[in-house]
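One structure is given here, and the rest of the page talks about it.
Letters A, B, ... are given to chains in the order of the sequence lines, protein chains preceding strands, and every chain is numbered from 1. Every value quoted in this text rests on a predicted model; they were computed, and no experiment measured them.
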Amino acid sequence: MQLYKEQTLKIHNTLSNSKEIFQPINDGHVGMYVCGPTVYSNVHLGNCRTFMSFDMIFRYLKHLGYKVRFVRNITDAGHLENDADEGEDKIAKKARLEQIEPMEVVQRYTVDFHNTLQKFNFLHPSIEPTATGHIIEQIEIIKDILEKGYAYEINGSVYFDVVKFNETNDYGKLSGRKLEDMIANTRALTAQSDKKNPQDFALWKKAEQQHIMRWPSPWGDGFPGWHLECTAMSTKYLGESFDIHGGGMDLKFPHHECEIAQAEASNGKSPVKYWMHANMLTLNGKKMAKSTGNNILPNEMFSGENKILSKPFAPSIVRFFMMQAHYASILDLSNDALLASEKGFHKLMDSFATLDNLETGTISGFEVSEWKQKCYNAMNDDFNTPILIAQLFDAVKHINLIKEGTISITDKDKTQLQQYMNTFVFDILGLENNNSSDADSDKLSGTVDLLIQLRNEARSNKDFATSDKIRDQLAVLGIQLKDGKEGTTFSLS
RNA sequence: GGCAUCGUGGCCGAGUGGCUAGGCGCAGCUCUGCAAAAGCUUGUACAGCGGUUCGAAUCCGCUCGAUGCCUCCA
């Protein structure tokens, strides 16, 4: 099945700042690299949004029939607190503060990262490489860049010479900046920097005596610069030029700009055909960030243990909430918005059961194949999940109309509708219909079913005092009874 | 200060030079012993001021406001 031959996918390319028809470098194959987390603390919800956007993109590309190699790294070294010379490695700092090995920090938060993504029903990337696992590759690239004259060594560190690079290349083309402007606007002068220019960035940093994370190199013991790992790992697994590079909007400058510079300096080729940037998740209108404390952890949402939201929200609700906004738009998290998404999510999920039980007729009052193409059109237009969801709700409305007998559907159309509802909701959006039925909930539903039976007996005897007592008392306990045509069901609030 | 992005109805959130996405809420109806739940049907909008145009919320300019990046950040 090679759907991509009939569906024309367009992607907004940050490099050209326009939507372009997606044509992979190698027909039928897609290479995609996404900047992963620095594992020095628990992954927060804003991080998750970026990764979720690319999870959805990965899912859709696969659905279209592409053979996708999706690389998402783990940064476990080299990410400095700041760009000053005294900047400390984030992981080393955490290790020092907690008095544990740096690799214990890495292990702890890598596990947290994986657990969280699993709860959100993420697909695994094809390769998940680490920076520390690719020190040799990084050293090789530094040597290469030095040889070509775009870097200089000083006091055991190696810096990328941005000014030199800009003479022959365009530093700033991704983020729309001009080096002259940046130099002119340089604020405080860095006190005693080894750098020739403030815009230069570290490829290799000398490790001070007390620095615990260190590797030998031709320039002495040290550690690699943050920007370098992505160049090393993307080149190794996807080649010197590959199709899609993604990441958060906040990485556009300087991180991605530096990646382009490193790749162009070392092999003379533009590394990426389509740059994609996912936008920020805000909380109270402000960017969610670890450093400012304005953030919420996924587990705090799932458990309800936080001061921001009125109740717990399941991972699928959060995922649905995020999918209701376009990946490139800023999304603001609020209690009201989540409550609205929760109701919408349940409405969507309930329609699956309704659809399965639908009686079929000889004609269809719902153009399923036309609807299906509208869903594809939404996704083809730069992965527009909000439009896709609007189409899904159009289907939900028609499913209900069929149930009511207002319109009918043929057996063939019903089967197709079932197939594509499943495809778009579960395979592409990655949502889950969590009807957990463990032993405890079986006991609960047995108990409530008994009460429902007693209530129905009371109602048929017109003993409404008893029936209302059962209903109201259960409501107090957070169990809501729902009287429908086919009997009474219940839900937990 | 520099460079960007954005400002859509009660809330969230798409989109577009002329044909009112969608979700939640509100309202009406159906169902119900009464409710709730569920379903159906519906209003209310494009920050302000100018300009281009037969026509703009959509293009251009200005003003105001918000956010992001410029230093670590998904």
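Other residues, nucleotides and ligands place more than 12 heavy atoms under 6.0 Å from the NE2 atom of His346(A). A 6.0 Å sphere centred on CD1 of Ile21(A) holds no more than 12 heavy atoms belonging to other residues, nucleotides or ligands. Surrounding NZ of Lys10(A) are at most 12 heavy atoms belonging to other residues, nucleotides or ligands under 6.0 Å away.
Counting atom types as modelled, Arg471(A) pairs no side-chain N or O with a base atom of rA36(B) as donor and acceptor under 3.5 Å.
Here the separation of rU71(B) from rG13(B), taken at their P atoms, is 30 Å to the nearest Å. Rounded to whole Å, the P atom of rA56(B) lies 28 Å from the corresponding atom of rG65(B). Separating the C1' atom of rC60(B) from that of rG43(B) is a span of 34 Å, rounded to the nearest Å. Atom name C1', nucleotides rA27(B) and rU44(B): the rounded distance is 12 Å, in whole Å. Nucleotides rU53(B) and rG1(B), compared at atom P, are 35 Å apart to the nearest Å. Comparing rA21(B) with rA38(B), their P atoms sit 25 Å apart, to the nearest whole Å. Straight-line distance between the P atoms of rU8(B) and rU42(B): roughly 26 Å, to the nearest whole Å. On the P atoms, rU67(B) is 44 Å away from rC29(B), given to the nearest whole Å.
Base engagement by Leu481(A) is indicated by at least one non-hydrogen atom pair under 4.0 Å involving a base atom. Using a 4.0 Å heavy-atom criterion, one finds that Asp468(A) contacts the bases of the nucleic acid, with or without backbone contacts as well. No engagement by His277(A) is indicated, since no non-hydrogen atom pair under 4.0 Å with the nucleic acid exists. Nucleic acid contact for Phe253(A): sugar-phosphate only, since backbone atoms but no base atoms lie under 4.0 Å from a heavy atom of the residue. Within 4.0 Å of Asn400(A), counting heavy atoms only, lie sugar-phosphate atoms of the nucleic acid but no base atom. Heavy atoms of Ala390(A) sit under 4.0 angstrom from at least one base atom. Nucleic acid contact for Lys403(A): none, since no nucleic acid atom lies under 4.0 Å from a heavy atom of the residue. Heavy atoms of Ala289(A) sit under 4.0 angstrom from at least one base atom. No contact: Asp350(A) has no heavy atom under 4.0 Å from any strand. Among the protein residues, Lys178(A) comes within range of no part of the nucleic acid, since none of its heavy atoms lies under 4.0 Å from any strand. Using a 4.0 Å heavy-atom cutoff across all strands shown, Met280(A) reaches at least one base atom of the nucleic acid. Among the protein residues, Gly484(A) comes within range of no part of the nucleic acid, since none of its heavy atoms lies under 4.0 Å from any strand. Across all strands, Ser467(A) comes closer than 4.0 Å to base atoms (heavy-atom distances). At a threshold of 4.0 angstrom between heavy atoms, the contacts of Lys287(A) include nucleobase atoms, whether or not backbone atoms are also involved.
Put simply, Thr282(A) has no side-chain N or O that comes within less than 4.0 Å of OP1 or OP2 on rG68(B). Lys347(A) has no side-chain polar atom (N or O) that falls below the 4.0 Å cut-off from OP1 or OP2 of rA38(B).
Rounded to an integer number of Å, the gap from Glu257(A) CD to rC70(B) P is 12 Å. If you take CG of Asp463(A) and C1' of rG33(B), they are 12 Å apart, rounded to a whole angstrom. rG25(B) atom P lies 11 Å from atom CD of Glu342(A), rounded to whole Å. For the pair Leu338(A) CG and rC12(B) P, the computed distance is 12 Å after rounding to whole Å. One can place CD1 of Ile317(A) at 13 Å from P of rC24(B), the figure rounded to the nearest angstrom. Rounded to an integer number of Å, the gap from Met322(A) CE to rA74(B) C1' is 11 Å. At whole-Å resolution of the value, NE2 in His256(A) and C1' in rC70(B) are 16 Å apart. Rounded to whole Å, the distance from CG on Leu331(A) to C1' on rG23(B) is 13 Å.
Cation-pi check for Arg455(A) over Phe464(A) is not met; the charged atom does not lie both under 6.0 angstrom from the ring centroid and within 45 degrees of its normal. In this structure, Arg177(A) forms a cation-pi arrangement with Phe253(A), its terminal cationic atom sitting closer than 6.0 Å to the ring centre and no more than 45° off the ring axis. Taking the ring centre of Phe313(A) as origin, the terminal cationic atom of Lys311(A) falls inside the region bounded by 6.0 Å and 45° from the ring axis.
Between Phe54(A) and Tyr327(A), the ring-plane angle classifies as tilted under the 30° and 60° cut-offs. Between Phe113(A) and Phe51(A), the ring planes are perpendicular. Angles over 60° get that label, and only those under 30° would be called parallel.
With rG15(B), rC69(B), rC24(B) as the choices, the nucleotide that has an atom nearest any side-chain atom of Asn384(A) turns out to be rG15(B). Listed nucleotides: rC72(B), rA36(B), rA21(B). Nearest to the side chain of Pro386(A): rA21(B).
Centre separation under 5.5 Å together with a plane angle under 30° does not hold for the ring of Phe393(A) and the six-membered base ring of rG23(B), so they are not marked as stacked.
Searching all strands for a Watson-Crick or G-U wobble partner of rC29(B) with both distances below 3.5 Å returns rG39(B). rC62(B) and rG48(B) make up a base pair, with Watson-Crick or G-U wobble contacts both under 3.5 Å. Using Watson-Crick or G-U wobble geometry with both donor-acceptor distances under 3.5 Å, rC3(B) finds its partner in rG68(B). Here rG22(B) sits opposite rC12(B) as a Watson-Crick or G-U wobble pair (both hydrogen-bonding atom distances under 3.5 Å).
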Show, in sequence, the C-alpha distance, side-chain angles and deciding distance for Tyr33(A) and Asn73(A), and conclude whether the side chain to side chain donor-acceptor pair (under 3.5 Å) test is met.
CA-CA 8 Å; Tyr33(A) 187 92; Asn73(A) 69 296; 3.2 Å; yes

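Comparing Val396(A) and Asp381(A) by the nucleotide of RNA chain B whose heavy atom lies nearest to each, the residue mapping closer to the 5' end is Asp381(A).
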